[in-house]
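Report on the following structure.
Excluded from the calculations below are hydrogen atoms, water molecules and symmetry mates; all remaining heavy atoms, backbone and side chain alike, are included. Every value quoted in this text rests on a predicted model; they were computed, and no experiment measured them.
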Amino acid sequence: MKGERKMREMIFRRILVCLLDFIVSAFYSTRKQAKEHSDKERFLLYSQHLVWIGELFSEPTIEIKSKELWSQALLLYGLTKETGKDLPHYTSKGVKDLLEEMTFNSLEEEVAQISEICSSAKLLKLYIHVASLKSNLPKNNQEWNTICDIVYYLDNSVCVDFGELNIIKIARIFAIKK
């Protein structure tokens with residue numbers, strides 16, 4: 001059992017190293033195209049993905065296998081969305097399936113379909129939207145309020161599926177309509 005756990009930890013560390021390489025590559029490959037944000041702002045946006053993972057791993061009631069899968073999905077979701085880069089070739093089917101379920105063409109589509117996604121995708125979307133609110137990313141009050149509505153829904157749904165997680169407490173602090 002200990003040997004199996006050590007092997008999994010080693011594999012997960014290798015995956016994280018590959019994903020961190022992907023982050024650095026994404027940062028530098030899109031550097032010339034970035035007109036909206038300075039290098040410092042873009043670095044802070046990209047490093048936010050690591051904060052999500054730290055928050056996810058701080059949840060004591062979530063199994064380690066789930067944390068490993070979901071942390072990869074969180075990293076790749078933001079980076080592929082922000083950079084337009086394809087997923088790395090070593091991305092697992094489980095991560096690809098989660099990413100597909102989490103991705104919408106617009107905020108309006110997400111509002112209409114959020115109740116149909118699986119519970120783990122809802123949890124990850126809660127992390128993503130709370131991070132947007134924490135970073136003050138919504139462009140205007142209407143977008144902010146729409147994201148707050150999504151967070152309210154996700155907060156309740158995630159609480160039913162996973163119990164009272166730390167991210168739910170954080171969501172309740174930031175999801176205040178303007």
For the student: nearest non-hydrogen atoms of Ala121 and Glu101, plus distance: CB-CB, 4.3 Å
Pairwise distance NZ(Lys139) to CH2(Trp144) - rounded to 0.5 angstrom: 14.0 Å
Backbone of Glu68 reached by a side-chain donor or acceptor of Ser71 within 3.5 Å: yes
Working for salt bridge (charged side-chain N to carboxylate O under 4.0 Å, His left out), residues Lys134 and Glu55: CA-CA 13 Å; Lys134 284 168 60 176; Glu55 289 175 358; 2.6 Å; yes
Other residues, nucleotides, ligands: >12 heavy atoms within 6.0 Å of Gln113 CD: yes
Inter-residue atom distance Gln72.CD - Leu87.CG, 0.5 Å rounding: 11.0 Å
Between CG on residue Leu123 and CD1 on residue Ile128, distance to nearest 0.5 Å: 9.5 Å
Side-chain donor/acceptor of Ser66 to backbone N/O of Ile62, under 3.5 Å: no
CD on Glu109 to CD1 on Ile114, rounded to 0.5 Å: 10.5 Å
Stepwise side-chain contact (heavy atoms from CB on, under 4.5 Å) test for Ile117 and Phe104: CA-CA 11 Å; Ile117 65 176; Phe104 299 95; 3.8 Å; yes
Side-chain (Ser157) to main-chain (Leu154) donor-acceptor, under 3.5 angstrom: no
Least distance between heavy atoms, Leu107 atom then His129 atom: CD1-CE1, 4.4 Å
Pair Lys93-Asp97, side-chain contact (heavy atoms from CB on, under 4.5 Å): steps then yes or no: CA-CA 6 Å; Lys93 181 179 177 351; Asp97 291 346; 2.8 Å; yes
Residues Lys125, Glu110: salt bridge by 4.0 Å N-O rule: yes
Shortest non-hydrogen contact between Asn166 and Glu59, atoms and distance: N-OE1, 2.8 Å
Single-linkage hydrophobic cluster, 4.5 Å side-chain cutoff, Ile150 and Tyr152 together: no
CG-OG distance between Leu165 and Ser58, expressed to the nearest 0.5 angstrom: 9.0 Å
Expected list for residues 168-178: side-chain donor-acceptor pairs under 3.5 angstrom, two or more places apart:
unit_1, atom_1, unit_2, atom_2, d
Arg172, NE, Asp155, OD1, 3.4
Arg172, NE, Asp155, OD2, 3.1
Arg172, NH1, Glu164, OE2, 2.9
Arg172, NH2, Asp155, OD1, 3.1
Lys177, NZ, Asp149, OD1, 2.6
Lys177, NZ, Asp149, OD2, 3.4

Ser120 OG to Met102 CE distance, which is reported to the nearest 0.5 Å: 9.0 Å
Check: Trp70 and Leu56 side chains under 4.5 Å, non-hydrogen atoms: yes
Minimum side-chain heavy-atom gap Tyr77-Leu124 below 4.5 Å: no
Flag side-chain contact, heavy atom, 4.5 Å: Pro88 against Leu76: yes
Taking every non-hydrogen atom, the tightest pair across Cys118 and Leu98: SG-CD2, 4.2 Å
Criterion side-chain contact (heavy atoms from CB on, under 4.5 Å) on Val158 and Ser119, from CA distance to verdict: CA-CA 7 Å; Val158 167; Ser119 59; over 6 Å; no
Student check: side-chain heavy atoms of Phe57 and Ile64 closer than 4.5 Å: yes
